[in-house]
Amino acid sequence: MSLKTQYDNGNIFAKIIRGDIPSTKIFEDDNILAFMDAFPQSLGHCLVIHKTATATNILDIETADLNKVTSAVQKLARAVNAALQPDGIRVAQFNGAPAGQTVFHLHFHIIPIYENMDTSQHGESKASDPEMLQATAERIHQAL
Ligand code: 5GP
């Protein structure tokens, strides 16, 4: 899918925002949703999205909306750090299928890195146990 793709309301994250499919939420307000990645690359891998900006990627979101997302990314990264005490935190964001993007609603990944635990590669992770996702989301939420 090219960088000039029209936003598709049927994408997975649009369905999550509408509540058409479930997600494990960490934080939500009128603009922002942070939720657990269902196929985490590490313990605590979560995603941050804008709820109303229909942008497929970083090129077509209004700057004011992007600023809200990146502020939330920092807030979530700090909470992940406090809750899970990783050795590092990777923040990732992909634009266009050739760059690795698979869901075409702009999103940021927050991926904690642990020296004593393997981190999966992007797109190569297995589905997580829903109870583990819920417990991790609650730990991060408590640290917000
Ligand atoms: P991208 O490849 O577009 O950068 O990232 C999309 C992310 O969405 C991937 O890390 C993938 O694991 C995650 N993902 C795919 N389907 C679902 C889903 O149904 N629910 C959740 N919570 N995450 C998903």
Side-chain angles (χ1 to χ4, degrees), residues 1-63 65-84 86-114 117-144:
M1 199 171 280
S2 91
L3 286 170
K4 291 183 183 165
T5 307
Q6 285 281 94
Y7 185 83
D8 174 8
N9 268 313
N11 76 72
I12 294 168
F13 294 169
K15 289 179 182 173
I16 285 174
I17 292 165
R18 287 195 297 271
D20 294 347
I21 63 171
S23 65
T24 309
K25 295 181 181 179
I26 303 166
F27 168 83
E28 184 170 24
D29 65 15
D30 288 346
N31 297 297
I32 297 296
L33 174 62
F35 59 106
M36 302 307 295
D37 195 299
F39 306 89
Q41 292 174 237
S42 68
L43 174 72
H45 180 179
C46 54
L47 302 166
V48 180
I49 61 178
H50 199 289
K51 287 167 60 179
T52 58
T54 52
T56 59
N57 60 53
I58 202 164
L59 303 180
D60 54 26
I61 188 168
E62 296 290 337
T63 304
D65 288 334
L66 177 62
N67 289 343
K68 287 179 183 155
V69 181
T70 54
S71 293
V73 167
Q74 184 188 45
K75 179 179 169 134
L76 264 292
R78 285 176 168 162
V80 163
N81 184 48
L84 306 177
D87 300 298
I89 298 175
R90 184 174 297 153
V91 174
Q93 194 274 315
F94 302 87
N95 301 287
Q101 186 175 10
T102 58
V103 178
F104 297 92
H105 178 114
L106 170 69
H107 55 280
F108 284 78
H109 298 255
I110 297 171
I111 305 168
I113 308 293
Y114 308 90
M117 262 189 258
D118 287 341
T119 307
S120 316
Q121 295 302 307
H122 181 68
E124 294 179 0
S125 309
K126 297 186 185 121
S128 178
D129 168 23
E131 286 182 13
M132 171 64 91
L133 283 187
Q134 185 61 45
T136 307
E138 283 169 19
R139 286 173 69 187
I140 300 170
H141 178 78
Q142 293 296 325
L144 281 170

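Note that ligands are numbered from 1 as they come in the structure, with each ligand's atoms numbered from 1 the same way.
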Checking a contact table here: which protein heavy atom is nearest atom 17 (C) of ligand 1, and how many Å away? Phe39 CE1, 3.9 Å
With heavy-atom distances below 4.0 Å as the criterion, list the atoms of ligand 1 near Ile12. 16 (N), 18 (C), 19 (O)
Geometric N/O contact Thr102 with ligand 1, under 3.5 angstrom: yes
Per-atom contacts, ligand 1 versus His107 - under 4.0 Å to a heavy atom: 1 (P), 3 (O), 4 (O), 5 (O), 6 (C)
Side-chain touch Leu144/Leu76, heavy atoms, less than 4.5 angstrom: yes
For Val103, is at least one N or O under 3.5 Å away from an N or O on ligand 1? yes
Backbone N or O of Asn9 within a donor-acceptor pair of the Arg18 side chain at under 3.5 Å? yes
Atom indices of ligand 1, in the order listed, that fall short of 4.0 Å to a heavy atom of Ala38: 20 (N), 21 (C), 22 (N), 23 (N)
Ligand 1 and Gln41, any nitrogen or oxygen pair closer than 3.5 angstrom? no
Under 4.0 Å from one or more heavy atoms of Phe13, ligand 1 contributes atoms 8 (O)
Less than 3.5 Å apart, any donor N or O on the side chain of Asp8 or Gln6 sitting next to an acceptor on the other? no
For Phe94 and His122, take the angle between the two ring planes, folded into 0 to 90°, and tell me which bin it lands in: parallel under 30, tilted 30 to 60, perpendicular over 60. parallel
Any side chain to side chain donor-acceptor pair (under 3.5 Å) pairs touching residues 65-82, not counting sequence neighbours? His50-Asp65
Could you tell me if the side chain of Ile32 sits less than 4.5 Å from the side chain of Val69, heavy atoms only? yes
Evaluating non-hydrogen atoms only, which member of Thr24, Asn11, Asp37 is closest to atom 13 (C) of ligand 1? Asp37
Within a distance under 4.0 Å of any heavy atom of Met36, pick out the atoms of ligand 1 and give their elements. 22 (N)
With sequence neighbours excluded, tell me which residues meet side chain to side chain contact (heavy atoms under 4.5 Å, CB included) with Met117. Tyr114
Taking only heavy atoms of Phe35 into account, list the atoms of ligand 1 that are under 4.0 Å away from them. 22 (N)
May I ask you to list the atoms of ligand 1 that are less than 4.0 angstrom from any heavy atom of His122? 1 (P), 2 (O), 4 (O), 5 (O)
Gly100 heavy atoms, cut-off 4.0 Å: which ligand 1 atoms fall inside? 2 (O)
Pair Tyr7 + His105: ring centers closer than 6.0 Å: yes
When you look at Gln142 and Glu138, which way does the side-chain hydrogen bond (donor to acceptor under 3.5 Å, both in side chains) test go after all the steps? CA-CA 6 Å; Gln142 293 296 325; Glu138 283 169 19; over 6 Å; no
